[in-house]
Structure formats: C-alpha cells, structure tokens
Novice: 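Next up is a structure, given as structure tokens.
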Amino acid sequence: TLTRLSTSRCVGEMAAAAPAPALVTEARCAQRCREYLEGERILDVSHRVQKLPDGTVALPVLEGKFTKQHLQDLRGSMAPGTTCILAWIKKPIPSKASQVQSPAKKLCAELQHLVACFGGRWSEELEHDLPHSWQRHGDLVMLSKDCFKAALWEELGPELWETVASSLRARRLAKQERVSPDGVRTPIVSLLLGHDGWVEHMDNGIRYTFDVTRCMFSSGNITEKLRVASLQCPGEVLVDLYAGIGYFTLPFLVHAGVAFVHACEWNPHAVEALRRNLELNGVRDRCWIHPGDNRQLELRDVADRVNLGLIPSSKQGWPIACQVLRKDMGGILHIHQNVESFPAKALQLPCGLLEEQPLCNGQEDSGAQRNHRSPEIDDVEWHRWAEATGAQIRALLEKLHGEPWRTNILHIEPVKSYAPHVYHLVLDLECRPLQAEPH
C-alpha cells in the first residue's frame, strides 16, 4: 500500500537530481563558445544560460556528451589564462522552451512526480497505461476506456484525478467505458471528477449541450452537418427520424432555412438535450419533438424532406419515411448507411463497368495499399447500393399509395471510413409520384 510522503521530503527527493553540467567561461567568450556548442549539438537547450556572481557565464551542456576533447578545442581558441572549465550548476534554470510541454508529456511528468511522492516506482507499464488521446468538451475531458487500468492508480485516491485534470487543464474528468447495447446507444461513462456531465459544444455556429454520461456526440459527422447546413430549404418541412440531440435538426433549422421540423427521438436523455438545444439556438418554435419509437408515428403526408441519420442502417425507418413524405409532390430522403466495397467484389464486374459509372466524388487515393479507398471500386459498389435502395423505396411508395412513383439519385456523399472497406454514406434520393410530373 502506498502512502504519500511529506511535501518537504517529496520535493527534496525530486530536487536531488537537479544539478546540471555547464561550460563556465568569461562573458567576452560566451557567444563564441555558444556557437561552438550549437555546432557540436551539445548545448543543453532545456536550461538557460546563466550569468554567475563573479561575472562569468555558464552555458549548459548535455550530460555525457561534452568531452575532454571539446574542452581542449575551446581552450585552444582562447587567450592563455581565460576561464574555460566544466562545472555543475546546483540550481539550473529551465528554459522557456523546456517549460512548453505537450499535454501528454506534462501529464506523464506530473504523474511520475505523484507516484514518487507516494513512495511508488515509475515503470513502463504505468507509462503505457496513460491516455494517448482524449475528447475535450469545455472544462470536461473525456478519457478513453483503455487507460488507468493498473492496480497502482487506485492506491493514489482522489489526488490522481485532480492531478490528471490539472495537467490537462480541465475541471471535470470522465472516462468512456463502452456503449450500451440498449437500442439507444447510451454511453457507459464514469464521472471521475465533478458533479455532473452536462457540457456545451460549439459546432459551425450552433450550440449543443448534452450530458456526456447519457448521450453521445458524433464529432465524426461534421462534414455531413456542414453539407446539410449548406442546403437551400426555405419554406420546407423536414422530418428527422433519428434526431438525437439535434445533430442534423439544428443545421437544417439554423442554416438551411427549413420552415419546420418534426424531430423523432426515443432516448429520453437525448430528448431533454434536444429541448435545451432548440432553446439555446432560438428555434424552439419551429420544431415539434415526437418522443418514443418513430415506427409508431402517426404523422402522414407532411414532409418535403426526411432525414434518416442512423447507422449501420436506417432501413427500419424507410416505411415511416415513405409515410410522412408528401403524397402530392413527394420530396427528398437523406438515407444514411454503412456500405461495404471490397476489391474482390469489383473483380467480378463486367469489363469496362468501372469506367462507365463514376458517380461519386470521394477522396483521392494513392493506390499504395489495398485497404485505402479505391475511387473506381467504391463508386461502383456505392452506386449499386444506391440503385437497390432507390428500387426498394419506390416499391414501398407504390404499395403505400397504389400509384406509380419514380426515384432519382441526386447525390452520394461519403461521410467517413467506418472500418476497412466500409464507408458511412448518405444517399440523397428524390422521390416523386408520376402524376406530379409535368406533361
């Protein structure tokens, strides 16, 4: 069991290794010596050059790198009797550059100090157990689940989390454990420091607030949120079947100019966050929240546009999307899906098909590795999925209304790589009854 040492003993032990080697010479020779040390790459830039009480100058050097030959070279370039010696500075002053540490390095240094103060021994196991990345939400930092697993951490008590928070410039700490398979993707999060998990996040001029212990924030969808915000939808009615805390509801309202949104969400914690976010952004009067299972939605024939933002598949929402779409004019569906595009599949395609159907604009690919994006292969696989989806939506609409409809692929947007050869895509699908077509 670890016990914290007294502050004086802890500081004394840390200071015991403080002295640093330095080349001491006269002030008039200091610049020439510094240039020599820099040229030999043996100047210790982690400490400042110091002027000593007797007027000489101490230039810090790297321990173990400064040799007798270096000292002889310097003395040979000076007049006889000039001071030029190697000495140890008892209280070296850290340079400004050495004090600018990355958060990860600062965290490591602070925890080494804390472990030493408890009489423990630092090890590679502890260093590997530190977080290498984290999410920041205002004054709250969310740590990943794969850190601080070693038994020693528990012996440090609350001071561990206070030290981590201080090092990362946070007031509250939480740790992501996993996502609950409860159907609403409730995150299992431990609040390590602080009284609650409510945070605020600014994204493209939109304010989002949510409880990190109850709701997830999908930062990886930023490109799609920006695209949605750029759409021109004045006067339109949108139905958002998987609204969450307002990931897409708010960009449609704040930037795209939709007149009204029907937002469906069955996670009660997300519903509470959505209510707050509508208020925060001044659009509460243009949105009606429908809590509960959207498959029980009684809404019909109202939507110019429907957003189906659920992955890996939003297929369970397709029937209700057809139900809420305007019967007279139809509208546009934004269908999210994780789509596979394996190179092996593309080898079975007819010759020339790869060049005939380049329908999606994706990222450039160097072709250096097989698991990187192959635009031609992806375009074909993505188009196959889009065509099949369009056909299924068309069949649902014709069965629902008893009359012919047409579907048209407007755009296929790659949001992000979800796994090797699996992409999160959004299909913009135009759906129109044939009777609404101009003659």
Side-chain angles (χ1 to χ4, degrees), residues 101-111 126-150 153 158 160-182 184-226 228-229 242-251 265 267 269-274 276-277 280-281 309-312 336 338 415-419 424:
Q101 292 180 305
S102 68
K105 287 184 177 180
K106 183 177 181 180
L107 175 62
C108 184
E110 292 291 336
L111 289 177
L126 294 179
E127 188 156 347
H128 291 157
D129 200 31
L130 298 182
H132 300 290
S133 62
W134 47 83
Q135 298 175 15
R136 185 176 296 278
H137 303 285
D139 68 349
L140 184 146
V141 163
M142 172 85 75
L143 303 174
S144 57
K145 61 184 179 181
D146 56 350
C147 63
F148 293 115
K149 293 182 176 181
W153 301 123
L160 167 65
W161 305 126
E162 292 168 3
T163 301
V164 173
S166 175
S167 300
L168 301 182
R169 297 182 180 180
R171 293 185 177 180
R172 294 178 292 165
L173 280 180
K175 184 181 178 185
Q176 176 78 58
E177 301 296 341
R178 56 190 174 89
V179 176
S180 174
D182 58 0
V184 295
R185 291 181 61 78
T186 301
I188 297 178
V189 173
S190 302
L191 195 63
L192 307 173
L193 186 66
H195 299 293
D196 68 75
W198 280 93
V199 298
E200 186 169 318
H201 185 81
M202 179 71 77
D203 206 21
N204 191 27
I206 298 173
R207 295 169 65 188
Y208 295 89
T209 186
F210 60 101
D211 185 344
V212 296
T213 67
R214 301 292 186 179
C215 303
M216 295 183 64
F217 185 81
S218 302
S219 57
N221 293 337
I222 181 62
T223 56
E224 179 61 8
K225 285 185 278 188
L226 291 172
V228 161
Y242 306 97
I245 68 171
Y247 305 114
F248 299 110
T249 293
L250 290 166
E265 177 53 46
N267 180 345
H269 304 293
V271 169
E272 173 59 26
L274 177 58
R276 296 191 187 196
N277 291 330
L280 274 176
N281 292 279
L310 181 67
I311 56 172
H336 292 238
N338 283 351
V415 178
K416 62 179 181 293
S417 174
Y418 195 82
H424 173 186

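Start at 1 with the first residue, then count along the sequence. Keep in mind that this is a model prediction, so the values were computed, not measured.
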Novice: For His195, does the NE2 atom sit with more than 12 other heavy atoms under 6.0 Å from it, leaving out its own atoms?
Specialist: no
Novice: Quick check for you: to the nearest 0.5 Å, what is the distance between Arg169 atom CZ and Lys106 atom NZ?
Specialist: 5.5 Å
Novice: State the CG-CG distance between Asp139 and Leu173, to the nearest 0.5 angstrom.
Specialist: 10.0 Å
Novice: Residues two or more places apart in sequence or in another chain: which of them pass side chain to side chain contact (heavy atoms under 4.5 Å, CB included) with Ser144?
Specialist: Asp146, Cys147
Novice: Indicate yes or no for a side-chain donor-acceptor contact from Ser167 to the backbone of Thr163 under 3.5 Å, with no hydrogens or angles considered.
Specialist: yes
Novice: Shortest non-hydrogen contact from Thr213 to Asp211?
Specialist: OG1-OD1, 2.7 Å
Novice: For a 4.5 angstrom cut-off between non-hydrogen side-chain atoms, does Asn267 reach Glu265?
Specialist: yes
Novice: Can you tell me how far apart CD (Gln176) and CG (Leu143) are? Round to the nearest 0.5 Å.
Specialist: 10.5 Å
Novice: Would you check if Glu224 and His336 make a side-chain contact, meaning some heavy-atom pair closer than 4.5 Å?
Specialist: yes
Novice: Measure from the side-chain N and O atoms of Asp129 to the backbone N and O of Ala150, and report whether any donor-acceptor pair falls under 3.5 Å.
Specialist: yes
Novice: Do His201 and Phe210 have ring centroids that are under 6.0 Å from one another?
Specialist: no
Novice: Provide the closest heavy-atom pair for Leu191 versus Asp196 in the form atom of the first, atom of the second, distance.
Specialist: CD2-N, 3.6 Å
Novice: Which distance, rounded to the nearest 0.5 Å, do you find between the CH2 of Trp134 and the CG of Leu168?
Specialist: 5.0 Å
Novice: Heavy atoms, side chains only, cut-off 4.5 Å: are Leu160 and Leu192 in contact?
Specialist: no
Novice: Could you check whether atom CZ of Arg136 has more than 12 heavy atoms from other residues, nucleotides or ligands sitting under 6.0 Å from it?
Specialist: yes
Novice: Please tell me if the side chains of Val141 and Pro131 come closer than 4.5 Å, counting only heavy atoms from C-beta onward.
Specialist: no
Novice: When rounded to the nearest 0.5 angstrom, what is the spacing between CH2 in Trp153 and CG in Leu126?
Specialist: 4.5 Å
Novice: At their closest point, which heavy atom of Phe148 faces which heavy atom of Lys175, and how far apart are they?
Specialist: O-NZ, 3.9 Å
Novice: Taking the side chain as everything from C-beta on, heavy atoms only, tell me whether Val164 gets closer than 4.5 Å to Leu111.
Specialist: yes
Novice: Heavy atoms only: give me the nearest Leu274-Gly244 pair and the separation to one decimal.
Specialist: CB-O, 3.7 Å
Novice: Please report the closest heavy-atom contact between Thr209 and Leu280, naming both atoms and the distance.
Specialist: CG2-CD1, 3.6 Å
Novice: How long is the span from the OG atom in Ser190 to the CH2 atom in Trp161, to the nearest 0.5 Å?
Specialist: 9.0 Å
Novice: For residues Asn221 and Tyr247, determine if any side-chain heavy atom of one lies less than 4.5 Å from a side-chain heavy atom of the other.
Specialist: no
Novice: Looking only at heavy atoms, which two atoms of Leu250 and Arg207 are closest? And how far apart?
Specialist: CD1-O, 4.3 Å
Novice: Can you confirm whether Lys225 sits close enough to Asn204 that some side-chain heavy atom of one is under 4.5 Å from a side-chain heavy atom of the other?
Specialist: no
Novice: Is there a side-chain contact between Arg172 and Leu193 (heavy atoms, below 4.5 Å)?
Specialist: no
